[in-house]
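This report refers to the structure that appears directly beneath it.
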Amino acid sequence: MTDVSVRFAPSPTGRLHVGNARAALLNWLFARKHGGSFLLRLDDTDAARSTSEFAQGIEADLRWLGLGWDRFARQSERFDFYTAATGKLKQSGRLYPCYETPEELELRRKIQLSRKRPPVYDRAALKLTDADRAKLEAEGRRPHWRFRLDHGVTAWDDLIHGRVEIDMASLSDPVLVRSDGYPLYTLSSVVDDGDLGITHVIRGEDHVTNTAAQIQLFAALDYAVPVFGHFSWLLDAEGAGLSKRIGSLSLADLREQGYEPMALNSLLARLGSADPVEPQLDVQALVAGFDLGRFSRAPARLDPHELDLLNARILHASDFNTVRDRLPAGATEAFWLAIRGNIGRLVEAADWWPVVSGEIATVIEDPAVVAAAAETLPAEPWDGATWKAWTQAISARTGAKGKALFHPLRLALTGRDKGPEMAPLLPLIGRDRVAKRLSGV
RNA sequence: GACCCCAUCGUCUAGAGGCCUAGGACGUCACCCUUUCACGGUGAAGACACGGGUUCGAAUCCCGUUGGGGUCGCCA
């Protein structure tokens with residue numbers, strides 16, 4: 001039994017979005033669950049679209065999520081491996097040169113489609129003679145190279161889908177090398193997975209047909225064929241295709257909006273599975289209950305509202321130490337404990353900080369209650385019991401109770417009609433501020 | 001258009017012929033707590049897409065319909 005080795009292989013042509021995060025997380029959890037290693041591989045063979053800024057951004061996104069990697073590779077440094085692989089395939093006759101232009105291929109596909117035929121490559125290039133090829137090359141055409149698939153059925157036991165069988169005759173022979181010599185995903189991915197000893201490929205459902213072709217490629221290159229698992233796609237709240245709203249939201253956006261990474265992780269690790277979504281404060285805590293086999297084959301909807309709720313619950317349970325760096329300067333643990341149960345995003349803490357430490361606009365709703373409050377204001381020191389004693393005194397003097405008592409007080413002291421429990425908040429505000437606010441200044 | 005996947009409460013799902021008067025989680029609603037709101041606690045309502053079969057018996061098996069998703073690139 002070889003050690004489990006998985007990878008997350010984004011291409012640095014943009015920042016990570018929610019869909020990517022799920023792929024990364026699922027692989028990471030699988031690795032941790034099985035004591036294996038997690039490889040971050042940058043699929044940056046497309047030099048025109050890949051940038052180092054995006055590459056750094058992706059690494060930052062993963063670190064934000066708390067998903068560290070054990071191994072790192074970038075495809076742009078591995079061209080020699082791809083060249084060696086194409087040499088091997090040419091030798092065994094599995095790779096053949098084709099001379100159609102992209103426009104010609106596009107036209108053929110349209111014709112096939114209009115005839116209600118599947119748009120599969122007809123292997124015309126296989127019938128080319130040496131003389132034909134020489135003539136085409138003389139015209140200045142450079143070949144692209146296709147992998148000759150073995151027709152028949154290719155099958156595998158998928159971690160999520162179970163037994164999958166693909167009729168290879170319904171697939172086009174995949175292009176492995178572009179006419180400019182660059183290797184394409186199908187090739188580089190297989191070479192790297194094989195060479196780097198990836199044992200389990202866990203990726204989105206959009207890759208299932210790729211997988212059939214890649215299995216043949218693994219075999220043709222004498223690599224061990226990894227185990228595959230294809231998770232279903234995420235849909236937005238309306239059930240429409242994913243990559244529209246939150247699915248295409250970048251992690252950088254979510255971070256900027258003040259979401260907790262563990263809210264996202266908690267949701268993504270369980271959504272679409274048979275297990276309940278529960279707020280967890282640490283990625284490690286997600287490992288124990290993780291089981292790919294409990295994921296459904298049906299696409300799941302991701303409701304942004306659910307993320308909000310989870311975010312709030314995470315915050316309500318978060319210790320001061322985990323958030324102190326992102327709290328307003330000077331914020332104390334007592335302050336955090338007083339307000340954490342009342343916020344949905346951490347940024348809201350900044351709204352409460354002036355309430356206990358600075359100036360706010362007060363609202364005098366009931367002058368009689370406020371006046372009584374000012375008159376009965378106890379001397380410091382204050383503690384958690386001060387509020388109750390004080391409000392009892394105010395109630396005794398004015399006859400106000402319940403909402404009629406608390407609403408005006410809350411408004412006068414905090415400027416708002418809802419918020420954290422007043423008992424712990426009062427000592428934090430302090431007598432001077434309270435007196436000032438009660439005077440309506 | 002062809003092929004593949006999917007179809008249970010609002011949402012994520014359990015269910016692999018009788019254990020299902022269909023279970024859980026989130027949300028919703030109600031109540032409790034707090035002499036306010038929120039937080040928290042307890043409880044309730046809430047679903048087998050439709051039509052045919054097979055069977056003593058179907059949410060579970062088969063066929064069809066409808067609906068959703070995916071793939072069919074010199075993208076990844």
Side-chain angles (χ1 to χ4, degrees), chain A residues 9-11 13-14 43-46 49-50 75 98 100-103 105-106 109 112-121 142-146 158 160-162 164-167 169-172 174-186 188-189 203-210 212 230 232-235 237 239-242 267 270-279 294-303 305-306 309-310 312-313 316 339-344 388 391-392 395 400-411 414 416-423:
Chain A
S11 53
T13 54
D43 284 7
D44 57 354
T45 51
D46 187 342
R49 297 194 301 147
S50 303
Q75 293 194 321
C98 303
E100 298 88 350
T101 64
E103 294 72 28
L105 291 171
E106 180 61 29
R109 276 193 291 270
Q112 285 169 312
L113 241 22
S114 71
R115 286 184 189 158
K116 304 188 178 183
R117 305 292 305 165
V120 175
Y121 180 61
R142 307 296 307 153
H144 57 280
W145 299 77
R146 288 186 190 263
D158 194 280
I160 293 169
H161 284 254
V164 179
E165 298 186 346
I166 303 282
D167 173 14
S170 68
L171 269 46
S172 295
V175 175
L176 261 32
V177 182
R178 299 199 305 208
S179 53
D180 63 5
Y182 272 84
L184 254 11
Y185 171 80
T186 307
S188 56
S189 180
R203 62 200 340 185
E205 206 176 42
D206 48 329
H207 283 285
V208 288
T209 45
N210 276 335
H230 296 88
S232 69
W233 225 220
L234 253 25
L235 308 179
L242 164 93
L267 182 59
R270 297 290 186 268
L271 184 65
S273 84
D275 298 309
V277 174
E278 287 168 339
R294 289 178 62 79
F295 278 72
S296 166
R297 287 188 281 269
R301 299 176 192 213
L302 192 155
D303 187 347
H305 183 52
E306 199 166 353
L309 293 160
L310 214 40
R313 292 217 280 159
H316 299 167
I339 64 147
R340 69 173 183 183
N342 242 265
I343 59 176
K388 188 165 189 182
T391 53
Q392 279 171 345
S395 182
K401 58 182 180 180
K403 191 169 184 176
L405 172 65
F406 289 98
H407 204 252
L409 287 175
R410 178 178 283 285
L411 275 171
T414 70
R416 304 181 203 200
D417 63 354
K418 59 178 63 172
E421 237 185 296
M422 288 304 296

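Atoms considered below: every heavy atom in the structure, side chains included; atoms not considered: hydrogens, waters and symmetry mates.
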Candidate nucleotides [options], ranked by approach to the side chain of [X] - the nearest:
X	options	value
His407(A)	U36(B), U35(B), U13(B)	U36(B)
Lys418(A)	C5(B), C12(B), C37(B)	C37(B)
Ala300(A)	G69(B), A2(B), C12(B)	C12(B)
Asn210(A)	A76(B), U36(B), C74(B)	A76(B)
Pro119(A)	G27(B), C74(B), C72(B)	C72(B)
Ala274(A)	G68(B), U13(B), A76(B)	U13(B)
Thr391(A)	A76(B), U35(B), G69(B)	U35(B)
Glu306(A)	G69(B), U11(B), U71(B)	U11(B)
Leu184(A)	C74(B), U35(B), C5(B)	C74(B)
Ser11(A)	C6(B), U35(B), A76(B)	A76(B)

For the pair made of [atom1] in [X] and [atom2] in [N], what is the distance, rounded to whole Å?
X	N	atom1	atom2	answer
Glu278(A)	G27(B)	CD	P	12 Å
His316(A)	A38(B)	NE2	C1'	9 Å
Arg270(A)	A25(B)	CZ	P	16 Å
Arg301(A)	C12(B)	CZ	P	6 Å
Arg178(A)	A76(B)	CZ	C1'	12 Å
Arg297(A)	U8(B)	CZ	P	13 Å
Leu405(A)	U35(B)	CG	P	10 Å
Arg146(A)	C74(B)	CZ	C1'	8 Å

Backbone N or O of [Y] within a donor-acceptor pair of the [X] side chain at under 3.5 Å?
X	Y	answer
Ser11(A)	Thr13(A)	no
Ser395(A)	Ala400(A)	yes
His316(A)	Ile343(A)	yes
Ser232(A)	Ala298(A)	yes

Could you check whether [X] gets within reach of a base, just the sugar-phosphate, or nothing at all, counting any heavy atom under 4.0 Å?
X	value
Lys116(A)	sugar-phosphate
Arg49(A)	sugar-phosphate
Thr13(A)	nothing
Asp43(A)	sugar-phosphate
Thr101(A)	base
Gln112(A)	nothing
Gly402(A)	base
Leu309(A)	sugar-phosphate
Arg142(A)	nothing
Val208(A)	nothing

Does [X] make a side-chain donor-acceptor contact with the base of [N], cut-off 3.5 Å?
X	N	value
Asp275(A)	A25(B)	no
Ser179(A)	C74(B)	yes
Arg410(A)	U36(B)	yes

Considering only the [atom1] atoms, how many Å lie between [N] and [M], rounded to the nearest integer?
N	M	atom1	value
G17(B)	G24(B)	P	22 Å
C48(B)	C12(B)	P	16 Å
C19(B)	A76(B)	C1'	48 Å
C5(B)	C62(B)	P	12 Å
C29(B)	G52(B)	P	39 Å
C61(B)	C6(B)	P	11 Å
U34(B)	U42(B)	C1'	16 Å
C50(B)	U8(B)	P	11 Å

_Nearest-nucleotide comparison on RNA chain B, the residue closer to the 5′ end among Gly341(A) and Gly272(A)_ =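 The residue closer to the strand's 5' end, by nearest nucleotide, is Gly272(A).
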*Starting at the 5' end of RNA chain B, which residue's closest nucleotide do you reach first, Glu165(A) or Leu113(A)?*
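Residue closer to the 5' terminus by nearest nucleotide: Leu113(A).
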Taking the side chain as everything from C-beta on, heavy atoms only, tell me whether [X] gets closer than 4.5 Å to [Y].
X	Y	answer
His407(A)	Asp417(A)	yes
Met422(A)	Thr414(A)	yes
Leu105(A)	His144(A)	yes
Ile160(A)	His230(A)	no

Would you tell me if any nitrogen or oxygen in the side chain of [X] comes within less than 4.0 Å of OP1 or OP2 on [N]?
X	N	answer
Thr45(A)	A76(B)	yes
Ser296(A)	U13(B)	yes
Arg109(A)	G73(B)	yes

With a 3.5 Å limit on both atom pairs, tell me what [N] is paired to, counting Watson-Crick and G-U wobble, or say none.
N	answer
C3(B)	G70(B)
U65(B)	A49(B)
G18(B)	C56(B)
U35(B)	none
U28(B)	A44(B)

*Aromatic ring of His207(A) stacked on base six-ring of G70(B), 5.5 Å, 30°*: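 His207(A) ring does not meet the centre or angle cut-off for G70(B); no stack.
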*Would you give the length of the straight line joining atom CG of Leu271(A) to atom CG of Leu310(A), rounded to the nearest 0.5 angstrom?*
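So the CG of Leu271(A) and the CG of Leu310(A) are separated by 10.5 Å.
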*asked:* To the nearest 0.5 Å, what is the distance between CZ on Arg297(A) and CG on Asp158(A)?
replied: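 Rounded to the nearest 0.5 Å, the CZ-CG separation comes out at 9.0 Å.
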